[in-house]
**Student:** 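Mind having a look at this structure? Questions to follow.
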Amino acid sequence: MKNKELAHMFNRIADALEFHGENVFRVIAYRKAARVLDELSEDVVVLHKKNELESLPGIGRAIKEKIIEYLTTGKMKKYEEVTRELPGDLLDMLDIQNLGPKTLALAHKTLGVVSIEDLKKVINDGRLAKLPQMGEKKVENIKKGIELYERSRERLSIALAEKTANDVIKYLKQDKRVKAVSPAGSLRRWQETIGDIDILVTGSKGQDIIKYFTRYPGTDRVLAAGATKGSIIVANDVQVDVRIVPAASFGAALQYFTGSRAHNIHLRNIAKAKGMKLSEYGVFRGTRQVAGKTEQGVYKILSLPLIPPELREDRGEIDAARMNRLPRIVEPGDIKGDLQMHSTYSDGADEIEDLARAARKLRYHYILITDHSRSARYAHGLDLKRLKKQWREIETINKRLKRFRILKGIEVDILGDGSLDFPDRILNQCDIVLASIHQGFKNRVTERMCTAMDNPYVDIIAHPTGRLISQREGYVVDLWKVMAKAAETGTWLELNAFPDRLDLNDVNCKAAKDMGIKISIGTDAHSTEGLSWMKFGIATARRGWLEPQNIVNTYSVEKLLKLRKRRQ
DNA sequence: GCCGTTTTCGGCCCGACTGTTTTCAGTCG
């Protein structure tokens with residue numbers, strides 16, 4: 001995808017400019033362009049053809065020309081120029097905590113440092129500490145930064161972060177001095193991975209609350225324990241930060257610490273244009289605080305409705321809010337069923353009836369049982385005989401269950417040549433068919449998916465990218481082509497709610513929405529507990545601006561079945 | 001390098017923190 005390639009190049013240019021000590025605002029401009037391209041819900045190639053590159057925020061004449069240069073020649077002179085004399089991994093070292101561009105450049109120019117090994121050497125022999133503006137403590141901090149970098153603490157999955165935060169919050173609430181508690185940061189925005197967990201607290205005697213916090217039973221290490229901020233490490237190297245803020249600033253602090261940074265910068269500009277100042281302490285006109293107690297109040301004084309945290313990425317939500325055109329994003333109560341799960345018939349742990357009863361407790365109206373097809377041997381995939389047995393069982397249970405319907409589904413494998421693991425006459429007897437790739441991740445995936453979508457019985461393409469977050473890249477696939485085919489054939493694309501998958505991701509979901517593609521959210525549960533993953537799917541859908549009408553499992557079972565491709 | 005309901009030039013978010021200095025540079029969020 002050219003979007004990602006260009007984003008990477010512009011980020012690299014920004015790194016290099018920073019390293020060379022260029023004007024910081026040029027650096028910011030390149031970073032902004034990189035972010036916009038990275039999160040773009042359209043193919044940059046298409047935008048270029050429509051001559052609309054310059055309509056993108058942060059992309060002006062110079063960067064537009066660089067994009068076109070790259071798209072037409074496959075090269076970018078500026079990129080090559082600024083990175084020419086810099087060894088490949090030197091710029092990677094900017095990710096080391098406490099080591100910024102100034103220090104790295106100085107170490108490179110005066111001491112010839114080009115790698116982490118070099119850096120360690122000049123730390124150990126004392127040469128780094130002798131540079132101007134450097135001293136023992138700074139060097140010590142850089143040393144700690146290297147240790148952290150080398151342990152390369154991966155970002156947490158949203159599921160682990162959510163669980164950890166909930167445990168800590170529950171513990172904090174047991175203290176009488178604690179008045180209000182809220183998660184903040186990327187966790188509150190439900191980003192798919194989380195760095196540190198941020199929690200905000202108001203209450204009396206901040207110092208005592210922090211002391212109480214650092215005695216949390218799961219604490220491995222205490223990093224800091226001041227009057228307003230405490231920081232601990234719990235199991236799995238997870239860092240939890242707690243901040244105490246005065247009640248009068250709680251809303252402003254919550255807004256500020258929820259971010260994203262890009263969203264905050266945009267808001268501050270609006271405050272400034274209105275003659276106000278926005279900070280984590282409140283909204284001020286001169287020295288007088290005019291808002292900040294509640295988050296809603298902060299937005300209101302900027303003439304904006306409250307923007308849901310999931311949308312706060314500066315991807316157009318502020319303009320939408322200003323024009324009163326925020327989407328009515330999906331809520332848990334809109335979901336009427338779960339469209340992917342596995343029973344004991346293939347690789348699931350629970351019986352069909354158990355899944356149904358658990359789903360009914362979640363107030364669903366239906367579920368789709370999607371066990372694997374025969375080629376998925378590793379998952380005990382169903383052959384025809386067992387599939388038919390499953391259908392009979394579903395019919396029997398359906399007669400027993402009131403106001404609930406188990407739909408007959410299948411997760412049918414897309415084979416090496418794009419054909420499906422079951423013939424059409426079998427698929428035709430399923431209520432809903434999911435098709436997915438489970439083998440040959442690098443083998444003509446785009447064509448195989450497109451062939452599968454030409455089949456009138458394929459309703460949904462499951463986990464369309466095949467990625468496993470922080471574990472596996474996913475298929476070699478041209479998602480733009482897949483989405484175009486889905487739009488053309490009326491095939492639904494899945495948002496897999498399993499927290500290690502979450503594909504389509506937020507940006508893809510928004511793109512799909514814009515292309516008129518319907519999304520199906522399925523948990524891919526392999527047990528009754530797995531049904532609770534729906535919240536991660538909903539959160540990702542919200543981040544992708546999806547409204548109930550964009551998501552097929554907000555429909556009644558009648559509408560759902562009526563909208564299948566084979567009926568059109 | 002981008003951008004304009006004050007501006008086509010002159011701004012660009014801004015405060016906290018730390019460590020190095022003796023008034024400020026660098027890093028971070």
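Below, read A as the first sequence line, B as the second, and so on, with proteins coming before strands; counting in each chain starts at 1.
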**Student:** Taking only the side-chain heavy atoms of A29(A) (C-beta and beyond), determine which of dC12(B), dT27(B), dG1(B) contains the nearest atom.
**Tutor:** dG1(B)

**Student:** Nearest to the side chain of Y281(A), which nucleotide is it out of dG29(B), dT27(B), dA16(B)?
**Tutor:** dA16(B)

**Student:** In whole angstrom, give the distance that lies between atom CZ of R268(A) and atom P of dG11(B).
**Tutor:** 20 Å

**Student:** Please determine whether a side-chain nitrogen of the Lys or Arg among E192(A) and R467(A) lies less than 4.0 Å from a carboxylate oxygen of the Asp or Glu.
**Tutor:** yes

**Student:** dC28(B), dT20(B), dG26(B): which one has an atom nearest the side-chain heavy atoms of N98(A)?
**Tutor:** dC28(B)

**Student:** Any salt bridge linking E22(A) with K78(A)? Criterion: basic side-chain nitrogen under 4.0 Å from a carboxylate oxygen.
**Tutor:** no

**Student:** From CE of M76(A) over to C1' of dG1(B), roughly how many Å is that when rounded to an integer?
**Tutor:** 14 Å

**Student:** List the steps, then state whether side chain to side chain donor-acceptor pair (under 3.5 Å) holds for D506(A) with T540(A).
**Tutor:** CA-CA 5 Å; D506(A) 50 0; T540(A) 302; over 6 Å; no

**Student:** For the P atoms, the ones on dT20(B) and on dT27(B), what distance do you get once it is rounded to whole angstrom?
**Tutor:** 13 Å

**Student:** Of the listed nucleotides (dG1(B), dG19(B), dC28(B)), which one gets closest to any side-chain atom of K137(A)?
**Tutor:** dG19(B)

**Student:** How many whole angstroms separate atom CE of M93(A) from atom C1' of dT27(B)?
**Tutor:** 16 Å

**Student:** Among dC14(B), dC2(B), dG15(B), which nucleotide has an atom closest to any side-chain atom of K272(A)?
**Tutor:** dC14(B)

**Student:** As a test of reading the structure: which of dG29(B), dG19(B), dC2(B) is closest to the side chain of K138(A), going by heavy atoms?
**Tutor:** dG19(B)

**Student:** Kindly point out which of dG15(B), dC12(B), dG19(B) is positioned nearest to the side chain of N141(A)?
**Tutor:** dG19(B)

**Student:** Does the side chain of K138(A) come under 3.5 Å of the side chain of T103(A) through a donor N or O and an acceptor N or O?
**Tutor:** no

